[in-house]
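Here is the structure we will look at, set down as structure tokens.
We count residues from 1, following the sequence as given.
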Amino acid sequence: MIVRLLLLVLTILPFSASLHGGIWSDVVDTFRGRSKPTPPVIRVLVTHDVESVQLEVKGKYTLFDPYTDSYISSRFIGKSRQVQALSDGLKWGEAFPGLYQIKVKPDDASTVMVVDGKEYGGSIYVYDIGGTISIVNQVLVEDFIRLVLADYQGDHLHPEMLAALAIVARTNAYFQAVNPKNTYWAIDAQKVGYQGLVHVPSDVEEAVRLTRYMIMSRTGVYEGMATPFPAQLNGYVIGGQPNKEMETAKISLEEANKMAENGEHAAQILAKAFPGTTIMLMEYAN
């Protein structure tokens, strides 16, 4: 069993989920200690630079203009149409004159977005960039971590090892959210193995749940500021993309798993893998 209390160095640094209009300053503000109420989200590029995309929404949804964060309309039934970039705006079955970006936000927890046959939770952003279509999935970081760790089967990894991997993946995701490549998305799905809504093994679900909101930081509670960083373990960058600031673990995945099998918990494993870092618990309003 993962001993949650042994993993924690507590700090209260609420994090923002309001990453609207391609502006990321709210995320940076969070790490400067300014109050933000809701759990973090991350934007993942799932389709890029194509002529058209089949976009389906299963359930109720609302349309917004993400550039101005303004309301467009609400729909109470699903829709499945091709998205195209026209000279005067986007077209998704109907035309949206003058709009070159649309946010599709689910109105119900059961609403699912489908992009060219792949299902996604969270919101979908449609962008006309230079006359082609790009699709971005905005998803809760906790859900993103579950989904990118889905391939890590627990039959060969100890639960404490899975907990350590969840913290590493979350640290990378937070770093990417604060240091995006551009104003539209932080992570390219193809580079991190993100496939949207896939089956997540129960042991991975448990590891993510029991380490919820925990990240590694190069500073600690006394500095009053969290500093996530890009980290790789066993040559893999879980939950993020390679970066020039990448820190490589001092031990291999096999060595870390052996530590877990010998009774050491996730915090001890990460202390040896990434010496000089602190595990911090980010706290958010429900």
Side-chain angles (χ1 to χ4, degrees), residues 16-29 36-38 40-141 143-144 176-177 179-191 194-197:
S16 174
S18 55
L19 306 179
H20 54 80
I23 298 174
W24 299 80
S25 59
D26 283 349
V27 183
V28 177
D29 286 347
K36 299 293 175 182
T38 53
V41 296
I42 192 163
R43 290 190 184 180
V44 186
L45 176 68
V46 298
T47 300
H48 185 46
D49 196 23
V50 296
E51 290 186 2
S52 65
V53 173
Q54 183 72 24
L55 174 60
E56 179 180 4
V57 182
K58 299 178 180 180
K60 301 176 182 179
Y61 63 96
T62 298
L63 299 176
F64 294 90
D65 178 353
Y67 184 74
T68 60
D69 201 28
S70 57
Y71 171 84
I72 299 174
S73 63
S74 294
R75 307 295 164 87
F76 300 100
I77 58 174
K79 178 178 179 179
S80 180
R81 294 287 189 278
Q82 286 281 325
V83 177
Q84 299 171 293
L86 305 180
S87 60
D88 62 344
L90 288 167
K91 181 179 180 181
W92 181 35
E94 62 187 292
F96 295 89
L99 288 179
Y100 299 89
Q101 61 285 313
I102 294 174
K103 176 183 178 180
V104 187
K105 181 180 179 181
D107 287 343
D108 190 278
S110 63
T111 298
V112 173
M113 313 287 178
V114 185
V115 179
D116 282 344
K118 289 185 179 180
E119 295 189 343
Y120 297 91
S123 297
I124 287 293
Y125 288 72
V126 180
Y127 293 108
D128 171 359
I129 302 176
T132 61
I133 298 296
S134 292
I135 303 289
V136 174
N137 178 210
Q138 179 177 277
V139 62
L140 287 169
V141 167
D143 288 336
F144 173 75
Q176 299 284 355
N179 301 277
K181 298 298 182 184
N182 57 61
T183 58
Y184 299 101
W185 60 82
I187 288 181
D188 186 333
Q190 291 187 349
K191 295 181 179 179
Y194 178 69
Q195 298 293 325
L197 295 177

Could you tell me which non-hydrogen atom of [X] sits nearest to which non-hydrogen atom of [Y], and how far apart they are?
{"X": "I135", "Y": "V115", "result": "CG2-CG2, 4.0 Å"}
{"X": "L90", "Y": "Q101", "result": "CD1-N, 3.6 Å"}
{"X": "A177", "Y": "V41", "result": "CB-O, 4.4 Å"}
{"X": "P106", "Y": "S123", "result": "CD-OG, 3.6 Å"}
{"X": "G131", "Y": "A85", "result": "O-CB, 3.6 Å"}
{"X": "N137", "Y": "G121", "result": "ND2-O, 2.8 Å"}

Aromatic ring pairing Y71/F64, orientation class (parallel under 30°, perpendicular over 60°, tilted between):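 Taking F64 first and then Y71, their aromatic rings stand perpendicular (interplane angle over 60°).
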
Quick one: salt bridge (charged side-chain N to carboxylate O under 4.0 Å, His left out) pairs with a partner in residues 130-141, sequence neighbours left out?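 For residues 130-141: none.
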
Can you pull out every salt bridge (charged side-chain N to carboxylate O under 4.0 Å, His left out) where at least one residue sits in residues 78-101? Sequence neighbours excluded, please.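 Listed by first then second residue: R75-E94, K79-E94.
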
Suppose we screen for side chain to side chain contact (heavy atoms under 4.5 Å, CB included). Which residues come up paired with [X], at least two apart in sequence or across chains?
{"X": "D116", "result": "V53, Q54"}
{"X": "Y100", "result": "D128"}
{"X": "E119", "result": "K58, V112, V114, L197"}
{"X": "S110", "result": "D108"}

side-chain contact (heavy atoms from CB on, under 4.5 Å) with V139: which of D143, V141, V136?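 Of the listed residues D143, V141, V136, the side-chain contact (heavy atoms from CB on, under 4.5 Å) partner of V139 is D143.
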
When rounded to the nearest 0.5 angstrom, what is the spacing between [atom1] in [X] and [atom2] in [Y]?
{"X": "K103", "Y": "S70", "atom1": "NZ", "atom2": "OG", "result": "11.5 Å"}
{"X": "L55", "Y": "Q84", "atom1": "CG", "atom2": "CD", "result": "12.5 Å"}
{"X": "T183", "Y": "Y127", "atom1": "OG1", "atom2": "OH", "result": "7.5 Å"}

Derivation and outcome, ring pair (Phe, Tyr, Trp, His ring centres under 6.0 Å), residues Y61 and W92: CA-CA 14 Å; Y61 63 96; W92 181 35; 5.8 Å; yes

Would you mind reporting whether I129 and D49 have side-chain heavy atoms less than 4.5 Å apart?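 Not touching, per the 4.5 Å side-chain cut-off.
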
More than 12 heavy atoms from other groups under 6.0 Å of CD on Q82: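 Correct, the count exceeds 12.
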
Verdict with reasoning, Y184 to Y125, per ring pair (Phe, Tyr, Trp, His ring centres under 6.0 Å): CA-CA 9 Å; Y184 299 101; Y125 288 72; 9.6 Å; no

